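Structure, as structure tokens:
Letters A, B, ... are given to chains in the order of the sequence lines, protein chains preceding strands, and every chain is numbered from 1. Everything quoted here is computed from the prediction, not taken from an experiment.
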Amino acid sequence: YALQGTRWRVKNLTYKISKYPRNLPKADVDMEISKAFNIWSGITPLTFTKKKSGPVHIEVRFENGEHGDGDPFDGPGGTLAHAFFPVYGGDAHFDDAERWTVNSYRGTNLFQVAAHEFGHSLGLSHSDVRAALMAPFYRGYDPTFELNDDDVDAIQALYGLPKKTNNKPTPTEAPGEEEDAELCNDATVDTLFNSAEGVTYAFKGLHYWKLTEDSIASGYPRLISKSWPGLPGNIDAAFTYKNGRTYFFKGTQYWRYTGKKMDGDYPKQISEGFTGIPNNINAAMVWGGNGKIYFYKGSKFWRYDPTSKPPVKNSYPKDISNWEGVPNDLDAALHYTNGYTYFFKKGSYYRFNDRTFSVDVADPPFPRPAGYWWFGC
Amino acid sequence: ASFVPTLQDESVKAVMYLAQFGYLPAQMTNPNSGHLMSQDAMTDAIKEFQAFAGLNITGNLDKETVETMKLPRCGVKDKVGFGIDARSKR
């Protein structure tokens, strides 16, 4: 990889799309541009916030021909886009004469080109690694796109690792006892779920752990992006439905996998695939009591039945307090292979008894520390 | 030996391309400047581009090199060797 030589001195960057293309709906453009920023924010401490007006760090524009910066676009083909390095302002310009497309082998994929350009906006020059995103040539639409290690190394050389995983050894390179430290120092997790094969996984940040009966398997953590290509880190919730598909949720989007292979074009909007379910959920699970999907957010929960119309009844959301002993603001929910339902919050967990419909009274009492009881710390 | 860009169409395009993406001085693309370029300079620029693009390094404008130059791509310079890559933002 090659670094241009300058970088942003702030971590929280803003952007706006001040000129949209002719041939794509605004909503699609907003989504693809957001996704393109997200691939960089997922592996760095950087955040990107969209603004509609006012001054921003990175301005995105779709332009034709000469457009004021002395570097005119050349019509279809040839130059697709260009962007300015941080020292020159970070703006990204796209040739509006291109046929920009979304999730299509036709035309030019906006997400991939935007992700490349934003690499320049952040300080990366072109890489001579052909498989890298930052290679200068457009390689066509890749439905399972993911960053090359060269891209990851480049951007992390400039901005470091995401905050939560800072100063941690790279798990795949340095397996050993230290690997468990992150989960043992703070057993807070993003999500826990069972695979279709009955394996339980814990996700946290960019990493995941495979759970054994009373601990975690050796060789973990591993990178989520390595095992589930196309899936970002910092997942909100996940579950495997009885159709064998695993669903992952983050922000406004969700992804569907069969095993560890993405099922076609994802992410999709939660509002499209799970009508009636809010964005930014805290936790989700398939409850053993009735096989329906439950989503949790704040102090509310929603029951989702894909076979019903509407899938979420009008009586939802309901208060989580209906689940006796279960707290609000959950991190994860899991219907475990032993028939109990477990709820996780801030490194502690609650065992919910489906028959009494309440958190068990036990010794030691719940909540208990998840690090000791689940992760073998 | 000298290289006169106007003699061969592919060569002209190659000079434009190599100058645009930082392998040759930008003055080479100025139609009013009447620049001549040594064959060595052109060969070196082609070699540098071939190396960067992962092509066979021949120094010649072979078919593979010409085809690569026709690929859709990012407009940012690959190399910043001739002057500062300092387009003004606003």
Over 12 non-hydrogen atoms of neighbours within 6.0 angstrom of CZ in A:Arg106: no
Options A:Ala135, A:Ala81, A:Pro136, ranked by heavy-atom pairs under 4.5 Å with chain B, top entry: A:Pro136
Side-chain heavy atoms of A:Arg139 within contact of B:Leu71, under 4.5 Å: no
A:Phe137 and B:Cys74, any side-chain heavy atoms less than 4.5 Å apart: no
Beyond-backbone contact of A:His126 with B:Phe52, side-chain heavy atoms, under 4.5 angstrom: yes
Greatest number of heavy atom pairs closer than 4.5 Å to chain B - which of A:Ala2, A:Gly77, A:Ser127: A:Ser127
Side chain / backbone / both / neither for A:Glu98 at chain B, heavy atoms under 4.5 Å: neither
A:Thr79 OG1 to B:Phe21 CZ distance, which is reported to the nearest 0.5 Å: 4.0 Å
Value rounded to 0.5 Å, distance of NZ in B:Lys79 from OG in A:Ser125: 9.5 Å
A:Phe84 vs B:Val76 side-chain heavy atoms within contact, under 4.5 Å: no
NZ on B:Lys77 to CD on A:Gln4, rounded to 0.5 Å: 12.5 Å
Crowding at NZ, A:Lys261 (>12 non-hydrogen neighbours, <6.0 Å): no
Shortest non-hydrogen contact between A:Asp71 and B:Gly75, atoms and distance: OD2-O, 4.3 Å
